[in-house]
> 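Got a structure for you, questions after.
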Amino acid sequence: MDYKNDIGYRRETLKKLLYNIQKSEDLIVKALYDDFKKPEFEAVLTETNYVISELKDTIKNINKWAKRKRVFPSLLNFPSTDYIFKEPYGNVLVIAPWNYPFQLALCPLISAVAAGNRVVLKPSELTPHTSAIIAKIIEKTFHVNHVEVIEGGVEVSNKLLAQRWDYIFFTGSVSVGKIVAKAAAENLTPITLELGGKNPCVIDETANLKLAAKRIVWGKFINAGQTCIAPDYILIQKNMKVNFITFLIEEIIKAYGKKMDKSPDFARIINTKNWLRLASMIEPEKVIFGGETDANELYISPTLIEEPALESPVMNEEIFGPILPILTYETQTDIDTIINRYEKPLAFYIFSENKSFAKKLIKTYSFGGGCINDTVIHFSNKRLPFGGVGHSGMGAYHGQLSFDVFSHHKAIVKKGNWLDLPMRYAPYKGKLSSIKKVLDWM
Ligand code: NAD
């Protein structure tokens, strides 16, 4: 079991993982339903299928990604061959959240294994069914000294963080991200932090409102709004608001029916603590659609809130649930005032046919990633880096970048011995003007 040096071994274990996941797909989907009634369609699209596709891609490309990468040598060192050697970090800790509990645990794990690391995964305690099946699959697939799942909550997490790691990959909230960063600093351990934030969705007067409403409803209410890159609030040009709200309501009813609590396509809130947090954000006098709640069922209907005060709870923190505030703007200053109230978001969405407006927003505001005329889908392209900036995170992954995240990139210059130019060696007397000429020329 030489996972550090034997790429063939890593590939074989990943193939075994693929087989075990495919064999257990129904059980995984059931576990996700048992945890918070995640609809089967969403479970397959955003969890099992996503992981299977990531695995296939990694298995296919592992040799290419692991290969040392030749770079153009510096003429200063002539003659030499220069390359980057990808070295596994060593012991990697992955801490995962509950909202996409299968995907966000398995994807970093797959890349960490592909890059040749030993991995310890701590899945979320809030999705016990999914965590249990992850633990079973991993136990069946890997030697315990190679990959291990340690289940548990905050205490277990803290015990793990107190140990020394060579890399920590954390996905979760900003507040816990800070705890992870502090623990990592103790040993100068490199980290990736995949966090959250308040993701704006700006709509101008040129937008295709009906299509915008449809795409926003999908991105906002998938997983009952418990998505780190879900639009958090709408910021729409004032004159467009009334029409847009009509379209939004139409699209919500089209997607989930009039009896939304009976829809098989709408998930539940993860636990009572989050349900209470979300329910307290709903100010009845501001609700223009939805607002229905059921504590026993952990249900909150898709809810639209019109023009909440910026100081109200719904505008004070990341919503992370099926509540969508709609704010308006008239000038660029209005947009600035609202967006600049918050830390740099993980995602940013613009609905507009005006190219220069979209370009300007992308240039003006710092954020992790986003879309023009859609929501959420930037996540699905493995060729795009996924990650936040500032408070929404540190580092990015997906596709080959994930492999690179879990590898130290060693710079190597292999110097030729057949020539040894004397210019750089002391004594330097009389050499300065020639070296200046060479440096100028380069
Ligand atoms: P969380 O931070 O509460 O928990 C994440 C993990 O950290 C869990 O495994 C948990 O056991 C552990 N943990 C919790 N409290 C801890 C503590 N005090 N000390 C040490 N470990 C602790 O996050 P969550 O509620 O599971 O997930 C929701 C948050 O995650 C949202 O803010 C969301 O935006 C963010 N998120 C980000 C991404 C992303 O890719 N950027 C993806 C999903 C979720």
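One-based numbering, in listed order, for ligands and for the atoms of each. Since the model is a prediction, treat every value here as computed from it, not as a measurement.
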> Considering only protein heavy atoms, which is closest to atom 7 (O) of ligand 1, and at what distance to one decimal place?
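Scanning the protein heavy atoms, the shortest distance from atom 7 (O) of ligand 1 goes to F170 CE1, 3.4 Å.
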
> For atom 23 (O) of ligand 1, find the nearest protein heavy atom and state the residue, atom name and distance (0.1 Å precision).
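For atom 23 (O) of ligand 1, the nearest protein heavy atom comes out as S173 N, 3.4 Å.
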
> For ligand 1, which atoms sit closer than 4.0 Å to a heavy atom of N158?
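So the answer, numbered in order with elements, is 19 (N), 20 (C).
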
> Distance to 0.1 Å, residue and atom name: give those for the protein heavy atom nearest to atom 43 (C) of ligand 1.
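For atom 43 (C) of ligand 1, the nearest protein heavy atom is N99 OD1, 3.1 Å.
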
> Quick one: look up the protein heavy atom nearest atom 39 (C) of ligand 1 and list residue, atom name and how far away it is.
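Residue, atom and distance for the closest contact: C228 SG, 3.4 Å.
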
> Are K198 and E317 close enough for a salt bridge, meaning some N to O gap below 4.0 Å?
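Result for this pair is no, no salt bridge flagged.
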
> What residue and atom, counting heavy atoms only, is the protein's closest point to atom 32 (O) of ligand 1, and at what distance?
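So the nearest neighbour among protein heavy atoms is E318 OE1, 2.8 Å.
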
> At under 4.0 Å between heavy atoms, which part of F386 makes contact with ligand 1: side chain, backbone, both or neither?
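Side chain only.
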
> Would you tell me which option among I229, L193, V176 has the nearest heavy-atom contact to atom 14 (C) of ligand 1?
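Considering heavy atoms of I229, L193, V176, the nearest to atom 14 (C) of ligand 1 sits in V176.
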
> Just jot down the ligand 1 atoms closer than 4.0 angstrom to any heavy atom of E125, in number order.
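Answer, ordered by atom number: 10 (C), 11 (O).
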
> If the cut-off is 4.0 Å to any non-hydrogen atom of L104, which atoms of ligand 1 fall inside it?
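Counting atoms of ligand 1 from 1, those under 4.0 Å from L104 are 42 (C), 43 (C).
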
> Does any N or O in the side chain of T227 come within less than 3.5 Å of the main-chain N or O of N223, such that one atom is a donor and the other an acceptor?
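Such a contact is absent between T227 side chain and N223 backbone.
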
> Once side chain to side chain contact (heavy atoms under 4.5 Å, CB included) is applied, do any residues pair with A213, and if so which ones, sequence neighbours excluded?
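A213 satisfies side chain to side chain contact (heavy atoms under 4.5 Å, CB included) with F244, F247, L248, E251 once adjacent residues are dropped.
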
> Numbering the atoms of ligand 1 from 1, which are under 4.0 Å from a heavy atom of T171?
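It comes down to these atoms of ligand 1: 5 (C), 37 (C), 38 (C), 39 (C), 40 (O), 42 (C), 43 (C).
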
> Can you sort out which atoms of ligand 1 are near I95, meaning under 4.0 Å from one of its heavy atoms?
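Near I95, the atoms of ligand 1 are 6 (C), 7 (O), 9 (O).
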
> Using a strict cut-off of less than 4.0 Å between a Lys/Arg side-chain nitrogen and an Asp/Glu carboxylate oxygen, indicate whether K30 and E40 qualify as a salt bridge.
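E40 and K30: not salt-bridged.
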
> Does the plane of the ring in H146 sit parallel, tilted or perpendicular to the ring in Y9? Use 30° and 60° as the thresholds.
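Aromatic pair H146/Y9 classed tilted.
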
> Given that the side chain starts at C-beta and the backbone is N, CA, C, O, which of these parts of L346 lies under 4.0 Å from ligand 1, counting heavy atoms, or is it both or neither?
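For L346, the contact with ligand 1 is made by the side chain alone.
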
> Does any N or O of ligand 1 fall below 3.5 Å from an N or O anywhere on Y397, backbone included?
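No; every N/O pair is 3.5 Å or more apart.
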
> Out of L126, V154, L195, V180, whose heavy atom sits nearest atom 37 (C) of ligand 1?
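The residue whose heavy atom sits nearest atom 37 (C) of ligand 1 is L195.
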
> Which option wins on minimum heavy-atom distance to atom 8 (C) of ligand 1: S124, P97, A96?
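The option holding the nearest heavy atom is A96.
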
> Under 4.0 Å from any heavy atom of G196, which atoms of ligand 1 are there?
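Those qualifying, in numeric order: 34 (O).
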
> Taking ring-ring contact (aromatic ring centres under 6.0 Å, His included) as the criterion, tell me which of F386, F379, F102 meets it with Y50.
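Exactly one candidate clears the test, F379.
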
> Could you identify the single nearest non-hydrogen protein atom to atom 25 (O) of ligand 1 and state the distance to 0.1 Å?
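It is W98 NE1, 2.8 Å.
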
> Is E186 paired with R164 through a side-chain N to carboxylate O contact shorter than 4.0 Å?
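Not counted as a salt bridge, because no side-chain N and carboxylate O are separated by less than 4.0 Å.
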
> Does E297 have any side chain to side chain contact (heavy atoms under 4.5 Å, CB included) partners at least two apart in sequence or in another chain, and if so, which?
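Expected list: K37, R268, D294, Y299.
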
> Polar-atom distance check: S392 versus ligand 1, any N or O pair below 3.5 Å?
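No, no N or O pair falls under 3.5 Å.
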
> Donor-acceptor pair, distance only, cut-off 3.5 Å: does the side chain of R10 make one with the backbone of A114?
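Yes, R10 side chain to A114 backbone: donor-acceptor pair under 3.5 Å.
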
> Is a donor on one side and an acceptor on the other found under 3.5 Å between the side chain of S402 and the backbone of H398?
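Such a contact is found between S402 side chain and H398 backbone.
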
> Going by the angle between their ring planes, with limits at 30° and 60°, are W98 and F320 parallel, tilted or perpendicular?
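Correct class here is perpendicular.
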
> What protein heavy atom sits nearest atom 12 (C) of ligand 1, and how far off is it?
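Closest protein heavy atom to atom 12 (C) of ligand 1: S157 OG, 3.9 Å.
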
> Report yes if some N/O of G172 lies less than 3.5 Å from some N/O of ligand 1; otherwise report no.
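Yes, there is a polar N/O contact under 3.5 Å.
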
> Closer than 4.0 angstrom, basic N to acidic O: yes or no for E12 and K15?
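Answer for the salt bridge query: yes.
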
> How close does the nearest protein non-hydrogen atom get to atom 28 (C) of ligand 1, and which residue and atom is it?
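Going atom by atom, the protein heavy atom closest to atom 28 (C) of ligand 1 ends up being F320 CE2, 3.5 Å.
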
> Start with the C-alpha gap between K4 and E87, add the side-chain angles, then the distance that decides, and say whether salt bridge (charged side-chain N to carboxylate O under 4.0 Å, His left out) holds.
CA-CA 8 Å; K4 187 173 174 214; E87 173 188 75; 5.4 Å; no

